[in-house]
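In what follows, a structure is listed as structure tokens, so that the remarks can point back to it.
Nothing here was measured: the structure is a model prediction, and the numbers come from that model. Because only heavy atoms are used, hydrogens play no part in the values below, and waters and symmetry mates are left out as well, while side chains stay in. By convention in this document, chain letters (A, B, ...) are assigned in the order of the sequence lines, proteins followed by strands, and residues within each chain are numbered from 1.
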Amino acid sequence: MVHNLVELTFEALKHVIDPELHLNIVDLGLIYDIEQTTPGHLHITMTLTTPGCPVGSAIQHAVKATALQVPGVEDVHVTLTFQPPWTPDMISEEGRNQLNAF
Amino acid sequence: MITLGALQQMIPVILGDQIETKRPRSVVYGILVCGIVLQTSGFYVWQPMMIAFGGGLNALGIALFTLPYVRPLLSRVKHDMTALFIATALFYLHVAVWVGIALATQLQSVWSPALFVYGLALHIVLGGFGWFTLIIVGVSYKLLPMFTTATAPTNQHIWRVYAWLHAGLALLIIFILAGSSFGVMAGFIVTCIGLCFYAVDIKRVLARRVRRSVIPGMQLSVASIFYLFVSLILCVVVFILSYTNQFAFAADTIVRLYTAIGIVFAFGWVGAMIFGMLSRIVPMLIWLDIYADRVGQPDVPTLQQMIQESVLHKGNIVYQVGLILLTVAVSFGLSQTAYITAFMLCAGIVTIIGTLARVWLVHREGRQHGA
């Protein structure tokens with residue numbers, strides 16, 4: 001059940017698209033970790049491509065709002081971190097294929 | 001104005017910090033607009049004190065713009081090369097403006113004709129190289145990897161470019177004031193070497209990018225680096241040819257050639273770089289204004305979907321073809337051709353600006369992106 005909720009949330013967050021790169025934030029490597037602290041309560045650790053990213057707060061809100069729509073999720077806490085800082089190496093293979101396709 | 005406006009958006013991104021300022025930015029904007037209008041009017045009616053006063057307003061506006069960034073920039077210059085570039089460029093901007101004000105007062109009561117000529121050259125070098133070139137080079141080291149999803153060059157590489165550009169700038173300033181043409185050319189050559197290192201760094205960034213396609217805006221910005229090289233190299237070549245009298249250039253030919261070089265610098269380097277960056281920044285600002293609170297919803301467009309890239313691409317081509325042909329026409333004194341090619345250049349500019357304006361017109365009511 002725990003595993004499913006985390007997996008479902010990862011899948012749901014693939015609908016949050018970075019407007020600059022046209023790639024979802026999961027394949028972009030911005031979601032570092034999703035942990036279910038207590039049943040129905042998620043703690044998401046995420047980053048941004050750059051600390052001063054102008055769409056940073058928008059993406060953070062979108063992550064919380066999207067995660068809350070996952071069945072079984074009652075509360076979401078989002079932590080923003082830059083340790084380690086994001087690099088293009090964190091883009092998934094699928095993400096790289098999509099970027100190469102543009 | 002465009003560069004300062006873009007900096008206001010980009011400095012927090014580049015430094016990774018939101019900069020707090022108690023003073024509304026509209027005050028700075030208003031002062032700068034008044035200053036520019038006054039200066040332009042002063043040139044038109046040829047009233048030196050109007051020019052000087054307008055310059056004074058510009059100096060005030062630029063100082064007010066810079067103030068909130070002084071402490072954040074200075075706290076980062078030791079470990080962030082982009083912060084060092086920005087801080088230095090803003091310093092040169094202030095010096096350039098004050099040299100300009102001094103020149104304007106000279107127009108009223110000339111106290112040293114030779115100083116006026118050297119001062120004008122200094123004003124152009126400080127503004128064109130000290131301010132604009134340094135700010136673009138410094139900011140591009142952060143923005144280009146960001147826009148192309150690539151790893152940025154190391155601080156060591158960036159420092160190398162910084163050192164060479166400043167060596168070139170120092171030579172230019174010293175030998176302009178000393179009235180030595182050879183020294184000035186040496187300064188151009190050293191600056192060219194620094195720009196060569198910069199071009200190598202940019203080439204490496206582009207080679208290592210994850211996102212393979214280079215969007216039209218970035219294409220124009222990258223092309224502008226080529227035009228900068230061309231203008232500098234042509235400057236040195238024309239100087240050598242005119243000095244050695246290889247082709248027995250008449251005085252008006254020399255003027256035409258340097259005018260053509262100025263066109264390449266102004267429209268090829270400055271203009272193309274600005275239009276290229278605007279092609280990315282303007283849609284981003286519009287997107288933030290309209291769609292920022294709707295991220296994750298299915299009807300939210302990406303930046304690429306908001307802008308007609310095919311039209312933008314055509315505008316870029318028309319712009320560059322017009323620029324090249326205008327440069328040739330001016331060089332050879334073909335006035336009719338110059339008018340036609342200038343029109344072409346303008347058509348390119350209108351296309352680019354029109355494409356960006358369309359983004360706002362289409363999306364201003366939060367409508368879904370069209371085909």
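The shortest side-chain heavy-atom distance between A/P88 and B/T151 falls under the 4.5 Å cut-off. In this structure, the side chains of B/V300 and A/I17 stay at 4.5 Å or more apart for every pair of heavy atoms.
Contact of A/I91 with chain B is made through the side chain alone, with heavy-atom distances under 4.5 Å. If you measure heavy-atom distances from A/T50 to chain B, the contacts under 4.5 Å come from the side chain alone.
At most 12 heavy atoms of other shown residues, nucleotides or ligands fall within 6.0 angstrom of atom NE2 in A/H15. Annotation: A/H61, atom NE2; neighbour count of heavy atoms from other residues, nucleotides and ligands within 6.0 Å does not exceed 12. Summarising the local packing, NE2 of B/H157 is surrounded by more than 12 heavy atoms from other residues, nucleotides or ligands at distances under 6.0 Å. Counted within 6.0 Å of CZ on B/F226, heavy atoms from surrounding residues, nucleotides or ligands total 12 or fewer; the atom is thus considered open. Crowding of A/Y32 atom OH: a count of heavy atoms from other residues, nucleotides or ligands under 6.0 Å exceeding 12.
Closest of all the heavy-atom pairs between B/A292 and A/A58 is O-CB, 3.0 Å.
The CG atom of A/L23 lies 11.0 Å from the OG1 atom of B/T302; values are rounded to the nearest 0.5 Å.
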Could you go through the side chain to side chain contact (heavy atoms under 4.5 Å, CB included) check for B/L303 and A/H22 one step at a time? CA-CA 8 Å; B/L303 294 180; A/H22 199 183; over 6 Å; no
